Participant: 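Handing you this structure, nothing more for now.
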Amino acid sequence: MKITISEDLKNHLMHKNKRNIVVEVATTDRSDFDVTEIFIRLCDYSHRDYLKEKKGYREYPIEGIPGNHMAVLFKPYRLELDEEIHFDIVKKWIFNKIIYEGIRL
């Protein structure tokens, strides 16, 4: 699996002092409607180690980043992952949204 990020997202991660992207599934269970979405958040090294050791997250390195400096963590959900996954950031006014391609529920 090849995981890439845009240069803008890489700069955003460095600015926020975060080095890892966490992909999770968020589900509502207190509603009449069953809603499930992919939820993406950022984390640092200490939280990355906690997620890997205690929660069973799988870690995949990001292509083009030398060493083990940035990674994507997936919880063992039944997600459909393409051979190529790309993350980018969309900046609107003061809000930032991380978008992705190659991941489906």
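As the structure is a computational prediction, the values presented were derived from the model and not from experiment. All residue numbers refer to positions in the sequence shown, counting from 1.
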Participant: With clusters defined by side-chain heavy atoms of hydrophobic residues (ILVMFWY) lying less than 4.5 Å apart, directly or transitively, does Leu79 cluster with Ile98?
Facilitator: yes
Participant: Are Met14 and Met70 packed together at the side-chain level, in the sense that at least one heavy-atom pair is separated by less than 4.5 angstrom?
Facilitator: yes
Participant: Mind checking whether Lys75 and Val22 have side chains closer than 4.5 Å, heavy atoms only?
Facilitator: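 Lys75 does not reach Val22 side chain to side chain.
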Participant: Dump the intermediate steps for side-chain contact (heavy atoms from CB on, under 4.5 Å) on Asp44 and Asn17, then the final yes or no.
Facilitator: CA-CA 7 Å; Asp44 58 6; Asn17 200 21; over 6 Å; no
Participant: Report yes if the side chains of Phe87 and Leu13 come closer than 4.5 Å at any heavy-atom pair, otherwise no.
Facilitator: no
Participant: For the NZ atom of Lys16 and the CG atom of Asn11, what is their distance to the nearest 0.5 Å?
Facilitator: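 It comes to 13.5 Å.
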Participant: For a side-chain contact (heavy atoms from CB on, under 4.5 Å) check, start with the C-alpha distance between Lys92 and Lys97, then their side-chain angles and the critical distance, and finish with the verdict.
Facilitator: CA-CA 8 Å; Lys92 291 186 179 179; Lys97 179 181 179 182; over 6 Å; no
Participant: About how many Å separate CD1 of Ile21 and CD1 of Ile85, when rounded to the nearest 0.5 Å?
Facilitator: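 Ile85 CD1 to Ile21 CD1: 10.5 Å, rounded to 0.5 Å.
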Participant: Out of curiosity, Leu105 CG to Thr27 OG1, how far, rounded to the nearest 0.5 Å?
Facilitator: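 Rounded to the nearest 0.5 Å, the CG-OG1 separation comes to 8.0 Å.
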Participant: When rounded to the nearest 0.5 angstrom, what distance separates CD in Glu7 from CG in Asp88?
Facilitator: 11.0 Å
Participant: Hey, could you give me the CD1/CD1 distance between Ile40 and Ile89, rounded to the nearest 0.5 Å?
Facilitator: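 Here the rounded value is 11.0 Å.
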Participant: Please report the interatomic distance CG(Leu42) to CG(Asn96), rounded to the nearest 0.5 Å.
Facilitator: 9.5 Å
Participant: Classify the angle between the aromatic ring planes of Phe74 and Tyr60 as parallel (below 30°), tilted (30 to 60°) or perpendicular (above 60°).
Facilitator: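 The arrangement is perpendicular - the two ring planes meet at more than 60°.
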Participant: Could you pull out the closest heavy-atom pair between Leu73 and Cys43, with the gap in Å?
Facilitator: CD1-SG, 4.1 Å
Participant: Find out if a path of hydrophobic residues (ILVMFWY) with successive side-chain heavy-atom gaps under 4.5 Å connects Leu81 to Ile5.
Facilitator: yes
Participant: Are there over 12 heavy-atom neighbours, none belonging to Glu83, within less than 6.0 Å of that residue's CD?
Facilitator: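 At most 12 heavy atoms, drawn from other residues, nucleotides or ligands, come within 6.0 Å of this atom.
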Participant: With distance as the sole test, does Asp49 use its side chain to make a donor-acceptor pair with the main-chain N or O of Lys52 at under 3.5 Å?
Facilitator: no
Participant: When you look at His47 and Arg41, which way does the side-chain contact (heavy atoms from CB on, under 4.5 Å) test go after all the steps?
Facilitator: CA-CA 12 Å; His47 195 64; Arg41 62 186 173 112; 3.4 Å; yes
Participant: What are the two closest heavy atoms between Phe39 and Ala26, and how far apart are they?
Facilitator: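 Heavy atoms only, the tightest pair is CB-CB, 4.1 Å.
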Participant: In terms of hydrophobic clustering (I, L, V, M, F, W, Y; side-chain heavy atoms under 4.5 Å; direct or indirect links), are Val23 and Ile99 co-clustered?
Facilitator: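 Looking at the clustering, Ile99 is in a separate group from Val23.
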Participant: To check you understand the geometry: which heavy-atom pair defines the closest contact between Gly56 and Pro76, and what is its length?
Facilitator: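 Nearest pair, atom of Gly56 first, then Pro76: O-CD, 3.4 Å.
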Participant: Testing Glu63, Lys10, His86 for side-chain hydrogen bond (donor to acceptor under 3.5 Å, both in side chains) with Thr4, which one passes?
Facilitator: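 When side-chain hydrogen bond (donor to acceptor under 3.5 Å, both in side chains) is applied between Thr4 and each of Glu63, Lys10, His86, only His86 qualifies.
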